[in-house]
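Just below is one structure, and these are the notes that go with it.
Labels below follow one simple rule: chain letters A, B, ... track the order of the sequence lines, proteins then strands, and each chain is numbered from 1. Just the heavy atoms: all of them, side chains too, but no hydrogens, waters or symmetry mates, feed the values below.
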Amino acid sequence: MDEAERELILKARQGETWAFERLVRRYDRRLLSVALDLTGDLGEAQDVLQDALLAAYRAFPRFRLESDLFTWLYRITVNLALRYRRRRRRRPEQPGELPDRPTPGLGPEEQVLGEELERQLAQALDELSGQERAAFVLCHRQGLAVAQAAAALSCTEGSVKSYLFRAREKLKRLLGPYLEA
Amino acid sequence: MKARGRTEQLLAHLYGELTPDEEAAFQAEMKRDPELARLLEAEASFDRRFPVGQGAVVSEEALAESRLVLRVALRRESSRRVAGPVAALLERRWRWVAWAVPVVLFAGIVVGRLLPLAGNGTGAAEPGRVVDLRLREYDPATGTVALAIDLVSSREVRGRLEDPEIRQLLTQALDRDLLPGARLAAVELLRHQGARTEIRLALVRALLEDPNPGVRLQAAEALAGQTSDPSVQRALVQVLAGDANPGVRVAAVEALKHGEDELTRRALERAEAVDGNAYVRAEARRLLVMPDEGSRQSEL
């Protein structure tokens, strides 16, 4: 934690909203990204982010300086995103969509194939259980270490590895033709 | 070191979690065991299609929208926290409330009777909606009151932000609207029009003169990309040196992060030395020591 962040935390704990805003700006892009990966819907991801940050603001007077702020915010966001996903009614005609990823250096045909792959991945992710999806999103999509993912999901590292392995097996099966192409 | 299952070993290798010794042992095992190499190739094929760390891309527009929504929500939350102590304070001031309540009720009845008269030819009142009511005088002896009533009539204007009429109305709102929320909204809508001189000047006036710190803060953020204009740079330097609100000074120091001229450097040195807020001092120091760092978003 750098000195600036420490000062912001002290101010935010006193209820200074400008300090809290500055703090979350360091991490909100990543938080919105993980919410989007977990929910598959931008509007829902934005709702998750707002609810998570408001919950964090309300709980902030109790936040301990020795804790890791990013992991704390991440945990709140991930838990809320999983809760949103459990509450959402399944809409088979509208599978989750991930935004198209522009990939520099690819020609138009490769770009279209890449976009199709992302759509197929989004559909396949919908077939995973909440924990499997969360472990895959945190470790594979977001690049978190297993220990960080375990902290965010409030489970053991062994559980994360198990969910991750099951997620990969299911995704390889569902996306097999695309992997062989 | 604990013995790991084959699957666990594979995943640890793929996600970069093996120690150097474990990685060396894994590579050696792979050379000896063709089955392990085949399993690794199957996993690696998946990772080639879906590389690690390629999470959902967030657009700047979505992020900006989320930040604005959060700002509004935090203000509401903060107001709710203040309402409790303020209500307690009001309860202690019951004496003026005791006589003010019947006066305001009387004023409300008077205003309510005035409004239906609008448009029926009596000329007793202007048509419109009451937006403000101020008690000027009250004489308990004679029972007379003097009230100032602000009435407005509203019309709807539709258009694009690029339309001259819309820009003019928003600029006027920024200069004149009584409600800070309206001035905030005007800054947000005008922030992407800062290339136009009249908009930039309106934002500078808001930065220097608006009584509401939230409006001044937002104006500083809106001007962050316009520091090539000397008037913008001078305004940000002035705010950094003298604004009473630390949040506004924070926004000013961040808006100045791309400035490498002497004026900005002196302003940052002064802020580092004497600003009353530790975060402003820390940010000023960071920008002086590592000017390139100021333009990169903080990452884990």
Side-chain angles (χ1 to χ4, degrees), chain A residues 2-8 10-11 15-22 24-30 32-37 40 42 45-46 49-50 53-54 57-58 70 98-102 117-118 121 137 139-143 145-147 158 161 164-165 168 171-172 175 178-181, chain B residues 4-5 7-8 10-12 14-17 42-43 45-60 62-63 65-67 69-78 81-82 213-214 217 245-251 254 277-283 285-286 297-300:
Chain A
D2 59 37
E3 182 191 343
E5 182 164 299
R6 185 190 160 82
E7 288 301 325
L8 286 174
L10 289 173
K11 286 289 182 194
E16 300 270 8
T17 56
W18 68 267
F20 185 80
E21 273 190 71
R22 283 295 175 285
V24 302
R25 281 205 183 188
R26 294 175 163 219
Y27 310 118
D28 56 1
R29 185 183 297 272
R30 288 193 69 176
L32 186 55
S33 175
V34 73
L36 186 49
D37 266 332
L42 179 61
Q46 288 176 307
L49 179 67
Q50 182 180 345
L53 294 179
L54 267 180
Y57 176 71
R58 287 171 187 143
F70 175 69
L98 296 169
D100 294 334
R101 172 183 298 284
L117 214 51
E118 282 287 318
L121 176 64
V137 161
C139 292
H140 194 94
R141 297 277 292 178
Q142 296 289 318
V146 168
K161 290 173 188 171
L164 182 58
F165 173 72
R168 289 178 66 103
L171 290 172
K172 280 188 298 181
L175 298 168
Y178 297 91
L179 301 179
E180 288 156 15
Chain B
R4 295 173 188 247
T7 307
E8 199 173 323
L10 262 174
L11 287 182
L14 287 166
Y15 290 101
E17 304 237 333
E43 297 297 333
S45 164
F46 178 86
D47 284 1
R48 279 194 293 274
R49 282 291 183 201
F50 303 105
V52 177
Q54 303 273 295
V57 174
V58 170
S59 70
E60 292 303 322
L63 194 60
E65 185 185 333
S66 293
R67 286 173 175 172
V69 168
L70 177 67
R71 175 168 290 175
V72 171
L74 287 176
R75 285 215 181 90
R76 260 203 312 267
E77 187 71 18
S78 183
R81 286 189 187 181
V82 168
L217 189 157
N245 185 283
V248 179
R249 298 199 307 276
V250 164
E254 290 180 351
N277 181 277
Y279 177 78
V280 174
R281 293 197 303 272
E283 271 302 284
R285 181 164 44 247
R286 192 166 65 88
Q297 188 175 357
S298 185
E299 293 281 354
L300 276 184

Under a 4.5 Å cut-off applied to non-hydrogen side-chain atoms, are A:Arg168 and B:Asp47 in contact? yes
Part of B:Leu11 within contact of chain A (heavy atom distance under 4.5 Å): side chain
Side-chain heavy atoms of B:Arg49 within contact of A:Leu175, under 4.5 Å: no
Is B:Pro51 close to chain A through its backbone or its side chain, or both, or neither, when contacts mean heavy atoms under 4.5 Å? backbone
Value rounded to 0.5 Å, distance of CG in B:Leu70 from CD in A:Gln46: 12.0 Å
Between atom CD of A:Gln50 and atom CZ of B:Arg67, what is the distance when rounded to the nearest 0.5 Å? 14.5 Å
Check each atom of B:Asn245 against the heavy atoms of chain A and say whether the ones under 4.5 Å are side chain, backbone, both or neither. neither
Apply side chain to side chain contact (heavy atoms under 4.5 Å, CB included) to residues A:Val146 and B:Tyr15 and explain how you reach the verdict. CA-CA 9 Å; A:Val146 168; B:Tyr15 290 101; 5.5 Å; no
Any non-hydrogen side-chain atom of B:Phe50 less than 4.5 Å from a side-chain atom of A:Leu121? yes
Note, A:Thr17 side chain near B:Arg71 side chain (heavy atom, < 4.5 Å): no
Of the backbone (N, CA, C, O) and the side chain (C-beta and beyond), which part of A:Val34 lies under 4.5 Å from a heavy atom of chain B, both, or neither? neither
On a heavy-atom basis, the closest approach of B:Ala56 and A:Ser33 is O-OG, 2.7 Å
Salt bridge flag under 4.0 Å for residues A:Lys172 and B:Glu43: yes
Would you say A:Glu7's side chain and B:Ala282's backbone share a donor-acceptor pair under 3.5 angstrom? no
Identify which part of B:Leu10 has an atom lying under 4.5 Å from any heavy atom of chain A, answering side chain, backbone, both or neither. neither
Do B:Ser66 and A:Asp28 come within less than 4.5 Å of each other through their side chains, counting heavy atoms only? no
Please state whether the side chain, the backbone, both or neither of A:Leu32 comes within less than 4.5 Å of a heavy atom of chain B. both
Side-chain contact, heavy-atom cut-off 4.5 Å: B:Tyr279 with A:Glu16? no
As a quick check of understanding, evaluate side chain to side chain contact (heavy atoms under 4.5 Å, CB included) for B:Glu254 and A:Arg22, giving each step before the final call. CA-CA 11 Å; B:Glu254 290 180 351; A:Arg22 283 295 175 285; 3.1 Å; yes
Give, for atom OH of A:Tyr57 and atom CG of B:Leu74, the distance between the pair rounded to the nearest 0.5 Å. 6.0 Å
Smallest heavy-atom separation, B:Val52 atom then A:Gly143 atom, equals CG1-CA, 4.3 Å
